[in-house]
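The chains referred to below are lettered A, B, ... by the order of the sequence lines, with proteins before strands, and numbering in each begins at 1.
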2 protein chains.
Amino acid sequence: MSSTPPPKRGYHHGDLRAELVREGIALLAETGVAGFSVAKVAVRAGVSSAAPYRHFPDREALLAACAAGIIADLTEVSIAAAERAGPDPVERLAATAGAYAGYVLAHRAGLDLLYGHDFSGRHRQTIHEQSRRLLDTLMALAADVLPPDTSWAETTDFVYAHVAIAHGYATLHTRPPRDVDVLTVRAVAVARDHITGHLMRPR
Amino acid sequence: MSSTPPPKRGYHHGDLRAELVREGIALLAETGVAGFSVAKVAVRAGVSSAAPYRHFPDREALLAACAAGIIADLTEVSIAAAERAGPDPVERLAATAGAYAGYVLAHRAGLDLLYGHDFSGRHRQTIHEQSRRLLDTLMALAADVLPPDTSWAETTDFVYAHVAIAHGYATLHTRPPRDVDVLTVRAVAVARDHITGHLMRPR
DNA sequence: GTCTATATTCGGATAGAC
DNA sequence: GTCTATCCGAATATAGAC
């Protein structure tokens, strides 16, 4: 999850900053950005509505921290899924679609924040950096699947399409909530179809 | 767009109900559900903040009407795209992905409403009915692509995957806004890869 | 560093004039 | 059918006590 660079622990709470991010992500999962408020997060964390402002200058900063935490989580589950998938490059890449979809399904609408919210300036930069690790991970897996002479641009397009499939498959099915395991398996199957079809393209 | 069954025109405004839905969709496109409010829609339509409540009992009803309008629009552009694509069944189906993605890209975050908002009871029913026409359209196009002995269940899964690809591809690219035409073409290509790969599955 | 106010703004919804 | 005026609740953010 999100790191806590400055160790600003102190009073009777272990690490409020980290807990606010945790609760913020949970609230986003339940209500989406529309239902998000600093006050609600504070209540969930068991502190007053003013407490969060000691750790975040304003509402946007807390939102951005939650977004960064979500991306970090996505990266973790994607890496873990590829590891579990075994040696076949196609299966390794396809597995990340399942992991991605599974996380989104578990966190329902929480993703409208990442792709629907308009972060400004400084926060956008932070989130972009967090996204980098996820992208690097998928690019490496994709390189193992595509022909050796594939250009960087084509690999990038391919990875974006892969993420889009996982993302779209999950978000379309978040309401009403269905069985996560079944949907995860299907997301992997769709990703596999995409990979297979792409490799059939005339070159 | 959304129909206006009871012709409740009268005063110095042509058809306020329809205009509220239009402006509501436009506002959703700009701000997502998070920034939506009845008051803002009223201002955009040039009426007082109380006026909308003559046409919609509450905020949720206006939101639901906007959602129904968006789905109706999606259905229109999908049908038109298939018509323009010519006789090849694969191209006809793939084209609907481009139309869907193009509409979503043009309306940015407006789709978090459809798939992220929790409509309750009666409104959910209305929206489900609106979705039906879109689903029927795509099912027919999919039936022309898949082998004749394909089960209804498999066709349904296939159509959902198709929509998910178009939806995911568009939503991932809405921020920052890029060239719509380029992305539409790519969405079609990705959908084509999915169709091709699916037809390669061992049966 | 967290608390208890509190100032302020905004949005949902209603009442009553026209 | 629309307006003005108003009430109420919720949320952001700040001030000052501890």
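- Side-chain proximity of B:S37 to D:dC3, C:dC3, C:dG12: nearest is C:dG12.
- Atom C1' of nucleotide D:dC3 and atom CG of B:L16 are separated by 13 Å, given to the nearest angstrom.
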Hey, can you pull the donor-acceptor pairs under 3.5 Å for the side chains in residues 137-147 of chain A, sequence neighbours left out?
unit_1: A:T137; atom_1: OG1; unit_2: A:R133; atom_2: O; d: 2.8

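- Within the nucleic acid shown, B:S48 comes within 4.0 Å of at least one base atom, counting heavy atoms only.
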Polar pairs (N or O, both sides) under 3.5 Å between protein and nucleotides 13-17 of chain C?
unit_1: C:dA13; atom_1: OP2; unit_2: B:Y53; atom_2: OH; d: 3.4
unit_1: C:dA13; atom_1: OP2; unit_2: B:R59; atom_2: N; d: 2.9

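- Legend: residues meeting salt bridge (Lys or Arg N to Asp or Glu O under 4.0 Å) with A:R59, ordered by chain and number and at least two apart, are absent.
- Atom P of nucleotide D:dA11 and atom NZ of A:K40 are separated by 5 Å, given to the nearest angstrom.
- Residues forming a side-chain hydrogen bond (donor to acceptor under 3.5 Å, both in side chains) with B:D88 (at least two apart in sequence, or on another chain): none.
- Residues forming a salt bridge (Lys or Arg N to Asp or Glu O under 4.0 Å) with A:D136 (at least two apart in sequence, or on another chain): A:R132.
- When rounded to the nearest whole Å, the span between CG of B:L63 and P of C:dG11 equals 14 Å.
- Between B:E154 and B:R201 there is no salt bridge, since no side-chain N of the basic residue sits under 4.0 Å from a carboxylate O of the acidic one.
- In this entry the distance linking CZ of A:F36 with C1' of D:dT12 reads 12 Å, nearest Å.
- The CZ atom of A:F56 sits 12 Å away from the P atom of C:dT2 (whole-angstrom rounding).
- B:E91 is linked by a salt bridge (Lys or Arg N to Asp or Glu O under 4.0 Å) to B:R192, counting only residues two or more places apart in sequence or in another chain.
- Taking atom NE2 on A:H55 and atom P on D:dA13, their separation rounds to 16 Å, with Å as the unit.
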